[in-house]
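Right, one structure below, let's go through it.
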Amino acid sequence: MLENIVIVGAGQAAVQAIDTLRRRGFTGSLTVVGDEPWLPYQRPPLSKKYLAGEAGRERLLLRPQQFYGQHSVEVRSGRRVEEISRREQRVRLDDGSTLAYDALLLATGARPRPLEVPGANLEGVHALRTLADADRIRAGLSAGARLVIVGGGYVGLEVAATARHLGVTVTVLEMADRVMGRVTCPAVSALYEAEHARHGVSILRNIRVRALAARNDGRVRAVLTEDGGEHPADIVLIGVGVLPVAELAAAAGLACDNGVVVDEYCRTSDPAIYAAGDCANHPSPHYGRRLRLESVDNAFEQGTSAALNLLGMTTAHDKVPWFWSDQYDLKLVIVGIGQGYDSLVLRGDPASRAFSACYLRAGELIALDSINTPKDQMAARRLIAARARPDPDRLADPGSALKDVC
Ligand SMILES: Cc1cc2nc3c(=O)[nH]c(=O)nc-3n(C[C@H](O)[C@H](O)[C@H](O)COP(=O)(O)OP(=O)(O)OC[C@H]3O[C@@H](n4cnc5c(N)ncnc54)[C@H](O)[C@@H]3O)c2cc1C
């Protein structure tokens with residue numbers, strides 16, 4: 001019987017685990033240690049409403065302060081776990097204190113991937129992961145400022161949309177031949193490129209950054225590209241993806257490979273230690289391979305599964321993942337994992353700004369990108385989970401309800 005659970009990292013996965021543990025009757029000691037100075041908060045608004053100044057800090061909190069007191073959860077904010085001693089079942093914090101555990105949950109998330117070029121640390125160059133990052137970026141987004149974004153992934157593009165709304169001049173530099181190429185098909189990329197162009201964002205593709213140049217006072221002045229280009233900037237956002245935070249686990253001798261390796265029960269190579277969320281590399285029975293996902297849904301579902309398994313309620317984590325991105329008035333929801341698809345069916349005309357891209361492999365629907373088509377994304381979750389093999393002609397007809405196409 002567990003008496004003492006410690007959670008490292010105070011983000012989405014941690015809160016979901018806390019909530020599940022208490023709801024399902026765990027009455028022992030529960031401590032969460034997070035190295036940011038705030039109570040756990042949501043990150044998605046950091047590139048959207050919060051950055052736009054349309055949502056205050058209190059709206060970001062995943063749970064109000066009183067939740068933690070009411071559920072007897074000790075929150076150690078602003079404290080970093082520096083070491084896990086597996087033999088003694090203790091963690092050491094950066095203030096020298098230690099916490100004993102019967103079970104440990106690693107929910108350490110991810111951090112921005114650094115851009116390895118000269119000048120990447122100049123003043124005015126930012127990454128976006130935390131509330132503090134968002135505040136620093138927001139301070140530089142005054143109307144007329146010139147923002148250069150390195151990376152046309154979803155975070156870069158969401159910031160581009162928000163910055164245009166604030167009257168900022170925006171250039172996006174993408175090294176691939178299309179934006180969001182890692183997660184969507186060419187038709188979806190093309191729609192987003194057109195939409196950003198329509199809002200005045202300049203997107204340059206097939207372009208690599210070689211350095212960032214400074215002004216005399218040491219602040220960033222321009223982004224220099226390998227084609228000899230110089231892109232003047234008052235502020236730069238580096239949005240080239242994230243890396244899992246797994247050093248703590250690796251130093252403790254846990255199996256790590258693109259994150260902390262867990263089994264379908266969120267258990268690491270040490271049976272007393274679990275991991276969930278962006279840091280966890282987990283098997284997906286549905287897709288037949290390992291995945292490390294970076295989404296609220298995944299953190300929520302794995303946080304729940306980890307907690308249930310901690311309590312002995314054996315629960316395999318095997319959900320069809322989904323992810324959303326809001327840019328302008330386009331609501332993109334990606335259901336499933338489209339990588340490895342061998343045919344693509346579009347439902348509806350991209351020009352209508354409401355359509356779905358359906359990804360199939362050997363006739364099975366494996367993923368769907370829904371753009372302003374909420375009914376499709378709801379139906380897609382069920383169809384993908386059921387390994388549906390839809391009729392391609394009916395699938396392509398937006399007049400047939402997706403739920404009826406098999
Ligand atoms: C700008 C932005 C926009 C996003 N938009 C979307 C979106 O629209 N839709 C979507 O699905 N997802 C979105 N995401 C991704 C989503 O926010 C993450 O997938 C989710 O937050 C992952 O939760 P987590 O609990 O795994 O990790 P995190 O939320 O990263 O929390 C981990 C916490 O652990 C802390 N930590 C790490 N190591 C230690 C240590 N040793 N000691 C103490 N604390 C430690 C970290 O500092 C962090 O506070 C967005 C992310 C960002 C940054």
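Bear in mind that the values here come from a model prediction, so they are computed numbers and not experimental data. Quick note: residue numbers are just sequence positions, from 1. First listed ligand is number 1; within each ligand, the first listed atom is number 1.
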(message) Given His282, which partner from the list Gln302, Arg292, Glu264 fulfils the side chain to side chain donor-acceptor pair (under 3.5 Å) test?
(response) Gln302

(request) Consider only side-chain N and O atoms of Asp318 and Tyr287, and report whether a donor and an acceptor are under 3.5 Å apart. (result) no

(request) Answer side chain, backbone, both or neither: which part of Glu82 comes under 4.0 Å from ligand 1, heavy atoms only. (result) neither

(message) Using heavy-atom distances only, which candidate in Leu128, Val32, Leu46, Val296 approaches atom 53 (C) of ligand 1 most closely?
(response) Leu128

(request) Check each atom of ligand 1 against the heavy atoms of Ser295 and keep those under 4.0 Å away; list them by number with element. (result) 11 (O), 12 (N), 19 (O)

(message) Tell me whether Asp297 has any N or O atom under 3.5 angstrom from an N or O of ligand 1.
(response) no

(message) Would Trp322 count as a polar contact of ligand 1, with the cut-off being nitrogen or oxygen pairs under 3.5 Å?
(response) no

(message) Rounded to the nearest 0.5 Å, what separates atom CD in Glu364 from atom CG in Asp342?
(response) 10.5 Å

(request) List every atom of ligand 1 that sits less than 4.0 Å from any heavy atom of Gly34, numbering the atoms from 1 in the order shown and giving each element. (result) 43 (C), 44 (N)

(message) With respect to Ala13, determine whether any N or O atom, backbone or side chain, lies less than 3.5 Å from an N or O atom of ligand 1.
(response) yes

(request) Please could you name the atoms of ligand 1 that Ala107 approaches to less than 4.0 Å, counting only its heavy atoms? (result) 32 (C), 33 (C), 34 (O)

(request) Mark up the atoms of ligand 1 that fall under 4.0 Å of a heavy atom belonging to Gly277, in ascending order. (result) 26 (O)

(request) Measure the distance from atom 42 (N) of ligand 1 to every protein heavy atom, then report the residue, atom name and distance (to 0.1 Å) of the closest one. (result) Val81 N, 2.9 Å

(message) Name the residue from Leu60, Leu61, Val15 that meets the side chain to side chain contact (heavy atoms under 4.5 Å, CB included) definition with Leu39.
(response) Leu61

(request) Considering heavy atoms of the protein only, find what lies nearest to atom 8 (O) of ligand 1 and give residue, atom and distance to 0.1 Å. (result) Lys48 NZ, 2.7 Å

(message) Just to confirm my output: which protein heavy-atom neighbour is closest to atom 22 (C) of ligand 1, and how far is it?
(response) Asp278 OD1, 3.1 Å

(message) Checking contacts here: is it the side chain or the backbone of Pro44 that comes within 4.0 Å of ligand 1, counting heavy atoms only? Could be both or neither.
(response) both

(message) I need the nearest protein heavy-atom contact for atom 46 (C) of ligand 1: residue, atom name and distance, please.
(response) Asp35 OD1, 3.4 Å

(request) Taking all non-hydrogen atoms of both residues into account, name the closest pair between Leu46 and Leu128 and its distance. (result) O-CD2, 3.8 Å

(request) Output yes when a side-chain donor or acceptor of Arg92 lies under 3.5 Å from a complementary backbone atom of Glu83, and no otherwise. (result) no

(message) Using 0.5 Å steps for rounding, measure from the CG atom of Asn372 to the CG atom of Leu330.
(response) 5.5 Å

(request) Do me a favour and list the nearest non-hydrogen protein atom to atom 30 (O) of ligand 1 with residue, atom name and distance? (result) Arg129 NH2, 2.7 Å

(request) Would you mind running through ligand 1 and noting each atom that sits below 4.0 Å from a heavy atom of Gly11? (result) 25 (O), 29 (O), 31 (O)

(request) Might you work through the side-chain contact (heavy atoms from CB on, under 4.5 Å) test for Ile235 and Val125, ending with a clear yes or no? (result) CA-CA 6 Å; Ile235 174 167; Val125 180; over 6 Å; no

(message) As an exercise, state the distance from CD1 of Ile371 to CZ of Arg353, rounded to the nearest 0.5 Å.
(response) 11.0 Å

(request) Check Val168 against Ala145 and note the closest heavy-atom contact, atom names and distance. (result) CG1-O, 3.3 Å

(message) For atom 9 (N) of ligand 1, what is the closest protein heavy atom, and at what distance to 0.1 Å?
(response) Trp324 O, 3.2 Å

(request) Could you pull out, from Gly9, Ala14, Ala17, the option with a heavy atom nearest to atom 34 (O) of ligand 1? (result) Gly9

(message) Give me the residue, atom name and distance of the protein heavy atom closest to atom 10 (C) of ligand 1.
(response) Phe323 CE1, 3.4 Å

(request) Give a yes-or-no answer on whether the side chains of Gln327 and His199 include a donor-acceptor pair shorter than 3.5 Å. (result) no

(request) Report the member of Trp38, Tyr50, Tyr41, Tyr154 with the shortest heavy-atom distance to atom 14 (N) of ligand 1. (result) Tyr154

(request) State whether a side-chain donor-acceptor pair under 3.5 Å links Gln377 with Ser370. (result) no

(request) Would you kindly say whether Asp227 and Thr225 are connected by a side-chain donor-acceptor distance under 3.5 Å? (result) yes

(request) Quick one: look at Val8 and ligand 1, take heavy-atom pairs under 4.0 Å, and tell me if it's side chain, backbone, both or neither. (result) side chain

(message) Quick check against the 3.5 Å criterion: does Gln16 have a side-chain atom that pairs as donor or acceptor with the backbone of Gly303?
(response) no

(request) Heavy-atom distances under 4.0 Å are what count here, so tell me which part of Glu36 touches ligand 1: side chain, backbone, both or neither. (result) side chain

(request) May I have the step-by-step check of side-chain hydrogen bond (donor to acceptor under 3.5 Å, both in side chains) for Asp270 and Thr268, ending in yes or no? (result) CA-CA 5 Å; Asp270 179 333; Thr268 69; 5.5 Å; no

(request) Identify, by atom number and element, the atoms of ligand 1 in contact range of Glu294, meaning under 4.0 Å from any of its heavy atoms. (result) 19 (O)

(message) Would Gln12 count as being in polar contact with ligand 1, using the rule that some N or O on each side must be under 3.5 angstrom apart?
(response) yes

(message) If the cut-off is 4.0 Å to any non-hydrogen atom of Arg79, which atoms of ligand 1 fall inside it?
(response) 43 (C)

(request) Determine the sole option in His165, Lys49, Arg59 for which the side chain to side chain donor-acceptor pair (under 3.5 Å) test with Glu54 is passed. (result) His165

(request) Before signing off on this row, confirm whether Val245 and ligand 1 have an N or O atom pair separated by under 3.5 Å. (result) no

(request) Tell me yes or no: between the side chains of Glu74 and Ser29, is some donor less than 3.5 Å from an acceptor? (result) no

(request) Please report which non-hydrogen protein atom sits nearest to atom 2 (C) of ligand 1, along with the residue it belongs to and the distance in Å to one decimal place. (result) Arg43 O, 3.8 Å

(request) Could you list the atoms of ligand 1 found under 4.0 angstrom from a heavy atom of Arg80? (result) 41 (N), 42 (N), 43 (C)

(request) Could you see which bit of Ala10 sits under 4.0 Å from ligand 1, with heavy atoms only: side chain, backbone, both or neither? (result) backbone

